[in-house]
Amino acid sequence: DVKVTQSSRYLVKRTGEKVFLECVQDMDHENMFWYRQDPGLGLRLIYFSYDVKMKEKGDIPEGYSVSREKKERFSLILESASTNQTSMYLCASSSLGVYTGELFFGEGSRLTVL
Amino acid sequence: EDKVVQSPLSLVVHEGDTVTLNCSYEVTNFRSLLWYKQEKKAPTFLFMLTSSGIEKKSGRLSSILDKKELFSILNITATQTGDSAVYLCAYSNSGYALNFGKGTSLLVTP
């Protein structure tokens, strides 16, 4: 079974703090993604990566950065957390392919910024 | 601009009812449409649809795509309380990522 593991299920941080969200997948997938999920807004893509050290902005990259130094690991970084970044963050991965729409999700990291 | 719209946004039914969830889309370079179920945690994959008119089934769940009218439906027959969840529709086009609708929240009451 594909496993996508997010290191922190729940985090509480203060405004201005630097926040790292870690995600590891064990299926040798090329593609990895960070989404945030908010009530009434659905899932919105923050960043994705299709290869090591490669990254692409999604729909809402402002205030976030990412790092992919190893194929299995994709990190989301909030340089200076703000209250409007309180959200559920979902990491996902997928393999390369023509019709490979399916994503495999982690359990999510619920971040609260005070 | 590409978009996907789900309806209704929320729904309450009694156990045993049949429900139909809708997903309409306007997408350039459309590849596939996917359905996910999300309970309190990670979304789990249900179906991927690429061809029009071919029904996919899994137990009491089924789904079909109409590429002419640009919509998909997800049917759940004989609903159970365990079907209570948010159902997400998403499309894949020429990019790497999936693009999601806002979801339909389904509550099945005993």
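We use all heavy atoms of the structure for the numbers below, so side chains are in, but hydrogens, waters and symmetry mates are not. All chains are named by letter (A, B, ...) in the order of the sequence lines, taking the proteins before the strands, and each is independently numbered beginning at 1. Small disclaimer: the values here were computed from a predicted structure and weren't measured.
- Of the two parts of B:Leu33, neither the backbone nor the side chain holds a non-hydrogen atom closer than 4.5 Å to a non-hydrogen atom of chain A.
- Side-chain contact between B:Gln38 and A:Leu90: present, with at least one pair of heavy atoms (C-beta onward) separated by less than 4.5 Å.
- With a 6.0 Å radius and a threshold of 12 heavy atoms from other residues, nucleotides or ligands, B:Glu26 has its CD atom at or below the threshold.
- One hydrophobic cluster, built from ILVMFWY side chains closer than 4.5 Å, cannot hold both A:Val66 and A:Val4; they sit in different ones.
- If you measure heavy-atom distances from A:Leu43 to chain B, the contacts under 4.5 Å come from both the backbone and the side chain.
- Between the CE atom in A:Met88 and the NZ atom in B:Lys41 there is a gap of 12.0 Å [rounded to 0.5 Å].
- A:Tyr35 contributes no side-chain N or O that, together with a main-chain N or O of B:Phe100, makes up a donor-acceptor pair within less than 3.5 Å.
- By number of non-hydrogen pairs under 4.5 angstrom with chain B, the leading residue of A:Glu107, A:Arg110, A:Arg9 is A:Glu107.
- We find the OG-CD distance between B:Ser32 and A:Glu102 to be 10.0 Å, quoted to the nearest 0.5 Å.
- For chain B, no part of A:Glu56 is nearby; none of its heavy atoms comes within less than 4.5 Å.
- Clustering ILVMFWY residues whenever any of their side-chain heavy atoms sit less than 4.5 angstrom apart, transitively, puts B:Leu65 in the very cluster that holds B:Leu21.
- B:Met48 and B:Phe71 end up in different hydrophobic clusters when Ile, Leu, Val, Met, Phe, Trp and Tyr side chains are linked at under 4.5 Å.
- Taken to the nearest 0.5 Å, the CD atom of A:Gln37 stands 6.5 Å off from the CG atom of B:Leu88.
- Considering all non-hydrogen atoms of both residues, B:Ala42 and A:Gly106 come closest at CB-O, 2.8 Å.
- Side-chain rings of B:Tyr36 and A:Phe105 approach one another, their centers coming within less than 6.0 Å.
- Cluster annotation: A:Ile60 is connected to A:Met32 through the hydrophobic network of ILVMFWY side chains, with a link wherever side-chain heavy atoms come within less than 4.5 Å.
- A:Phe48 and A:Leu21 fall into different hydrophobic clusters, where Ile, Leu, Val, Met, Phe, Trp and Tyr are joined by side-chain heavy atoms under 4.5 Å apart, directly or via other members.
- Expressed to the nearest 0.5 Å, how far CG of B:Asn99 lies from CG of A:Asp59 amounts to 6.5 Å.
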